[in-house]
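A short worksheet on the structure shown next.
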Amino acid sequence: MTNCTNELSTTYNAREIEKDTYKFWEDNNLFKADAKSNKEAYSIVIPPPNVTGVLHMGHALDGTLQDILIRYNRMKQKEVLWMPGCDHAGIATQNVIEKNLAKEGLTRHDLGREKFLAKTWQWADEHKNRILEQFKLLGASFDLSRKRFTLDEGCSNAVKKVFVDLYNKGLIYKGSYIVNWCPRCQSAISDIETNYETEDGHLWEISYALKDEMGAIVIATTRPETMFGDVAIAVNPSDFKYKDLIGKTCVMPLTGRQIPIIADEYVDKSFGTGALKITPAHDPNDFEVGLRHNLPQIKVIDEKGLMMRNEYVPPQIQGLTREEARKKTVKMLEENQVLVRVTKHVHNVGKCQRCNTTIEPLLSKQWFVKMAPLAQPAIEAVKTGKIKFIPERWEKNYLMWMENIRDWCISRQLWWGHQIPAYYHKETGEMIVAAENPDPNNYIQDTDVLDTWFSSGLWPFETMGWPDTNSDDYKKFYPTSTLVTGFDIIFFWVARMITMGLEFTKQPPFSTVYIHGLIRDEHGQKMSKSKGNTIDPVDLIEKYGCDALRFTLTSLCTYGGQDIKISDEKFEFGRNFANKVWNASRFTLMNVTKPKEELKIDFNTLTIADKWILNELNKTAKEVNENIQNYRIGEIASILYEFFWSKYCDWYVELSKIEKNEAVLVYVLDNFLRLLHPIMPHITEAIWQKMPIEKDTKGILNAKYPEYNEKFVFEEDAKKMETVFEAIKALRNIRAEFNIPTSSKIDIIIDNNEELYKQIIPYLNRLAKVNSTKFEKNCNHPKSAYCVVDDTKITIPLEDLIDLNQEIARQKKKIEKLEAELKSIEGRLNNQKFVSSAPKEVVEKTIARKDELKSEIKIIEDTIQKLA
RNA sequence: GGGCGUUUAGCUCAGUUGGUAGAGCGCUUCCCUUACAAGGAAGAUGUCGGGAGUUCGAGCCUCUCAACGCCCACCA
């Protein structure tokens, strides 16, 4: 690193450190993956952010979690690859460009396809670096030399190959079906791009007269304007009300067109009037009914959502919007006295996920992927555990969707995207599906492009060089290890990657899917620009620092993957911790004066305090490794926080002011920094660079990750040290209770465990402000306060300072607490069933606790008597 | 209609195989003790949503009720 003094600056300036540190990693190429390495591989592909996007809190969380896994495995000495890149985001990007054009009063059609695409490419090129640059602010250790884009040449080749192969296998087909059509986007969208919203609507009951006889049949509809496309009236075959009408013909109001009355099981007898008008061109269920009964399909609404100008639509209605047409149609029905009844009706209306326009189910010629055969292996892979979801409950969600999968409409009537590799003969119309145009003079390419998710579904292998399965990256890093993402794109993306990965590489694209929650605002609302409740991670980084942001976000992750509610102030948690790490490290480094050659731990001279902290560190290393391997990533933040703040800073550093072991101080700090590095990469790197230790790597980022080591197990000494802490805390408590000022010291008399307490007299002197320590069995000093720590009584003669009644009351309160516990414990032990059926250790532990309580109570009682 | 999640201290939330509850923030009292006031010390606070059951023992397992949230389905 550049500024190499031996000390840390007195104030912790997060941003300064973070910028320098990231530059150090980048300048030294430390994120670059080596496909030729012999080390075990660990790889993650980034969920490619939209090329048009800016960094939001969801990226911050997702990116942090991926970076933690990457950094952890890098330190585990694996060859890691974090593959970065962007998604071309078909509709989203095209919408942005079209909006910009609209400001100039232009549409894409004014420009034409070629110019429009050139403009979009220019815009994408300008913006595609922005979001990845912002990921750098997060400390992302991805390999930018491998950066990819879903519309780059490699991806394009992969997409063509996949399309052609699927077509040749009969898994891609083109056909006229009902699709979700967005009249604003002017494109088909898939089922999962359609969201349903409940709306207050009406149910109109309309009378259709029978032909050549008296009588009529009344149907119920929520969309009267579609009636011009009716081709039948359907009733349930078992509905006796209509039994006699089946097979008859009726005459449509307003147009006089004649349509048959048919019977179909699909009709619900109890809904509306039990009779249903069938409009195959504008309703998915009617479409199915129409196919079953061989009915014609009459289109009356066009791609812009306007009533068509054709023989079926009355002239007054033609060209109207759906809403206008509805009003007008209802009015005309009223005038013709065929509107029987209107009732209020709440129903769900499909909306375009991108622009919230009401979608129109429309008969349209589109390309589809036949999903059922592809889904089967994808179901198996999860059921057999080849792919594991964390948390597990998402498996059920995934399987349910997969088992009820429907064909995927992949064509979009957009310009920005992978153009479908199908070519039509200019004269004959003959279609050829191939990677390249067979004859550009005579064939023109299909004008539609593919759903964005078609190319992102290939992401884990198209970025690794596929279809070249001999490429170094593919051989080394595919299949990838872990996929990290939010639950909102399991169907859109995860499911598609699994199906495509299995079909084309015969392997699951990753072995673990780690699903985290979504970021929400402090009230639990989804963050959105329109609500104005977004928090910008870049602002948080500027204000609190990247490491603070990462630490806070990590600490808020739960194993169950709950959504995370955040507010600006929550990040003070991480900032405070970073500050603590900085300052304690600064103190440690200031107090280490020996050269690094002399900083080897000598196991023969360790004090119980040294052994205690080494034992704690060792336990921490064990727990951190276990938790990270089990994706309990939030847990490691608390474990490290607790260790560093409550153990190292509160006790060990304080003790070291009295008596220090420089080797242990440095050893513990070094290992702690390594343990913390995946979460807080910059601060740990910056401090580590100044550590007086032997380093065999350029940075902490590829130093060895600490692990549990038998050599550092000192349970017994650690327990003794805990006893000492109890004593110090008890003495401090007495000082506080009796308002003994910091300036006045106390004398103490200890009646037991002389050997232990003798060792720690300097600790007592400093941390509890003790003046003198005497050892005396059966000590009975009048006018004293006292405390009991395990089997040891400590007496503090206070003379005038003490109010005996206060002390007695204090002790009585303690006894009350102890006796309550004793009572419950004795109750348990007197229960024969407990003693016989509880595990032996539990019973033994309970008995031990009983003895402990009894002896403590006895000591206190005895003393009270003598005080009184 | 089907599925999932949540309900624990004033607030935000942890709580891994069942052994009578924890953190951060906030609150009270004291302290600028030469790493840190973004700090230190000492404290107070909970019949773990209601009910029932299994068990020697339930925040944790089973059933049930309630409230809130989400996903899927989309009966015109």
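Owing to the predicted nature of the structure, the values given are computational and were not obtained by experimental measurement.
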Picking from B:G24, B:G39, B:A42, which would you name as closest to the side chain of A:Asn576?
B:G39

B:G43: pairing nucleotide in any strand, Watson-Crick or G-U under 3.5 angstrom
B:C27

When both hydrogen-bonding distances must be under 3.5 Å and the geometry is Watson-Crick or G-U wobble, what is B:C48 paired with, if anything?
none

Would you measure the distance from the P atom in B:G51 across to the matching atom in B:C13 and give it in whole Å?
24 Å

Taking donor-acceptor contacts at under 3.5 Å, does the side chain of A:Asn348 reach the base of B:C74?
yes

Is any side-chain N or O of A:Lys769 under 3.5 Å from a base N or O of B:A41, one able to act as donor and the other as acceptor?
no

Among B:A76, B:A35, B:A44, the nucleotide that comes nearest once only the side chain of A:Lys817 is considered
B:A44

With a 3.5 Å cut-off and just heavy-atom distances, do the side chain of A:Gln562 and the base of B:A14 make a donor-acceptor pair?
no

Does a side-chain N or O from A:Lys570 land closer than 4.0 Å to OP1 or OP2 of B:G24, or not?
no

First encountered from the 5' end of RNA chain B, between A:Asn195 and A:Val267:
A:Asn195

Does B:C61 have a Watson-Crick or wobble partner in any strand here, with both distances under 3.5 angstrom, and which is it?
B:G53

Presence of A:Arg732 side-chain N/O under 4.0 Å of B:U33 phosphate oxygens OP1/OP2:
no

If I pick the P atom on B:G26 and the same atom on B:G39, what distance separates them, to the nearest angstrom?
9 Å

Surrounding NZ of A:Lys241 (heavy atoms of other residues, nucleotides or ligands, distance under 6.0 Å), is the total greater than 12?
yes

Here's a test of your reading of the structure: between A:Tyr12 and A:Pro839, which maps to the more 5' nucleotide of RNA chain B?
A:Pro839

Take atom C1' in B:G3 and the same atom in B:A44, then report the distance between them in whole Å.
44 Å

Going by distance alone, is a donor N or O of one side chain under 3.5 Å from an acceptor N or O of the other, for A:Thr279 and A:Lys277?
yes

Nucleotide nearest A:Arg406 when distance is taken to its side chain, options B:C31, B:C74, B:C56
B:C74

Taking a pair to mean Watson-Crick or G-U wobble geometry with both distances below 3.5 Å, B:G69 pairs with B:C4

